[in-house]
Amino acid sequence: MKLMITNTLERKKVPFEPIDPSRVRMYVCGPTVYDYAHVGNARPAVVFDVVARLLRRLYGDAQVTHVANITDIDDKINARARESGRSIGEITDETAAAYRADMDAIGVNKPNEEPRATHHIDQMIAMAERLIELGHAYAADGHVLFNVPSMPDYGELSRRDRDEMVAGARVEVAPYKRDPADFVIWKPSDAETPGWESPWGRGRPGWHIECSAMAEAYLGEVFDIHGGGLDLIFPHHENEIAQSRCAHGTERMANYWMHNGFVTVEGEKMSKSLGNFYTVHDLLEEWPGEVIRFLLLSAHYRAPLDFSQAGLRESKAQLDRLYEALDLTRDVPTVSEKSSLPNLEDAMVSVDTPSSDYIAEALCDDLNTPLAISRLHYLVSRLNTAQAEDKPRIKASLLQGAELLGLLRSTPDQWFRGETEGISPIEIERLLGDRAKAREAKNFAEADRIRDVLKNEGIEIKDSPEGPTWKRA
RNA sequence: GGCCCGAUGGCAGAGUGGUUAUGCAGAGGACUGCAAAUCCUUGUACGUCGGUUCGAUUCCGGCUCGGGCCUCCA
């Protein structure tokens, strides 16, 4: 089983070879913290969470370093602070905490590091100075600018021709730029704007330098995987590459670049002006976090994903099927499956004796999460039809496979009968007791009446040889 | 204008040069006092026009339609 990844640098699917198998390093661009995370922020978080889970499975938990930054210095944050009269620290601390809570709710493991931009200003200034020394950047008018012509192969990631880019540029070129394509590394701050002392006066970092500096700080000069949304390819990632490679004199910043596709909402581009964006925070009012996560994983990560109410309902229905199988096997113990992990090279992947490797194999093909989910369903079918002696093994495979996707984290009890608003379990049990008496007396009209009463409360009753059970629909 | 994606059955969504996933929804059946769940069976697909091929939904080209980036954006 070999991990294949579509590398944006090459525009094709290639085998993944870490620089150092004992230390697999991944950097993912995280959110700018000025407002609740929306589903467009959640998609890369979930996608790269699965990448991290898979890497940990393949190379060992301790061998993987997953870094996802928190951008807490940005002009959007400054604007928000001015509008609300609140301090920047207050806004970013609160939003970062809300982000972490939302990510927990949708099953995103905490990365090894979640560095904050404001904690790495010194590193950014140091990198800017180094770039100036090496002739790749210059100070002008309180700014530090990266000089794009100083890098002959600038544009390799986005495959952009610099001259065409400049010709088609819609923005006016600032007078202090030597070249129209030059971009800001450091810019001056006025008295009302947050700033730090620097060799070029009081100022703040440009957009791209934080990632270059923090990636260097936590992962070194060249690392394995750099991820983020498709829209970051240009200019953000292109400019990160320019800064890091020129500062370090390396051929690569990261060997593999992975980019997830966009999220649309009800078929339309999600935008603040249309007001059609879903925040994770709001969605969690109505849906279990796992439903949100499932929907985000139901399409391949590079394909566009339409986030819709219909999709949420579908995701809930599919998860119900998976949990139903766990509910039916609640008394079946799980046995730890035989596996050659973490050495997957020789792992047997067989339809006849499915193991969680069957799920891992699907993910190894450029993170084919829809295929992995279909294999979860296959394991469920196998579990539902298996002989009793085979169930423990299959159940274990299902749970371990689901864990790679960060799914099936609840118990069936929590999933179907968890505490929510509405009728209490005690009341439900009382009505079920009444119904049992009615059934015993063959008073089926009364039994059905009670079923209807519960149904109106959103409770489904299921009779079984061991007695009735119930769940919230 | 430049660059880059995509077009699969009612819906979602994989995949493949020949035997046509998976789930939801639909139909029939088994089981059940009824129901639910489960199991069995089942229907409807590969935008369009050409090319390559013994054979293309799958490879190549044109076209149409849709989307993204080029400016803050996950």
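Below, chains carry the letters A, B, ... as their sequence lines are ordered, and counting in each starts from 1.
Among the protein residues, A:L232 comes within range of the sugar-phosphate backbone only, with heavy atoms under 4.0 Å from sugar or phosphate atoms but none that close to a base. If you check every strand for non-hydrogen atoms under 4.0 Å, A:R451 touches a base. Among the protein residues, A:R435 comes within range of the nucleic acid bases, having at least one heavy atom under 4.0 Å from a base atom. Residue contacts shown for A:E460 are limited to sugar-phosphate atoms, with no base heavy atom under 4.0 Å away. Residue contacts shown for A:K455 are absent, as no nucleic acid heavy atom lies under 4.0 Å away. Using a 4.0 Å heavy-atom distance criterion, A:V39 is classed as making no nucleic acid contact. Heavy atoms of A:H300 sit under 4.0 angstrom from primed sugar atoms or phosphate atoms, though from no base atom.
A straight line from CG of A:L326 to C1' of B:rU38 spans 14 Å, rounded to a whole angstrom. The nearest whole Å value for the distance from the CD atom in A:E361 to the P atom in B:rU22 is 17 Å. Atom pair A:I373:CD1 and B:rG13:C1' shows a separation of 10 Å (rounding to whole Å applied). Distance A:F234 CZ to B:rC4 P: 15 Å, rounded to the nearest Å. Between the P atom of B:rG13 and the CG atom of A:L296 lies a distance of 12 Å, rounded to the nearest Å.
A salt bridge links A:R245 with A:E156: the distance from a Lys NZ or Arg NE/NH1/NH2 to an Asp or Glu carboxylate oxygen falls below 4.0 Å. With salt bridges taken as basic N to acidic carboxylate O contacts below 4.0 Å, none links A:D104 and A:K110.
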Intra- and interstrand pairs of RNA chain B - dot-bracket, Watson-Crick/G-U under 3.5 Å, | marks other strand: (((((((..(((.....[...))).(((((.......)))))....(((((..]....))))))))))))....

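With A:Y34 as the aromatic partner, A:R80 does not meet the cation-pi criteria of under 6.0 angstrom to the ring centre and within 45 degrees of the ring axis.
Applying the 3.5 Å distance criterion, the base of B:rG15 shares no donor-acceptor pair with the side chain of A:N368.
In terms of heavy-atom proximity, A:L408 sits nearest to A:L326 at CD1-CD1, 4.2 Å.
The only member of A:T118, A:T32, A:T95 that meets side-chain hydrogen bond (donor to acceptor under 3.5 Å, both in side chains) when paired with A:D72 is A:T118.
Side-chain contact check for A:W470 and A:E429: at least one donor-acceptor pair (N or O, by modelled atom type) lies under 3.5 Å.
Of the two residues near RNA chain B, A:G228 and A:L371, the one whose nearest nucleotide lies more 5' is A:L371. In terms of position on RNA chain B, the residue among A:R321 and A:G229 whose nearest nucleotide sits closer to the 5' end is A:R321.
Among residues two or more places apart in sequence or in another chain, the ring pair (Phe, Tyr, Trp, His ring centres under 6.0 Å) test is passed with A:Y218 by A:H120.
Put simply, A:N384 has a side-chain N or O that comes within less than 4.0 Å of OP1 or OP2 on B:rC39.
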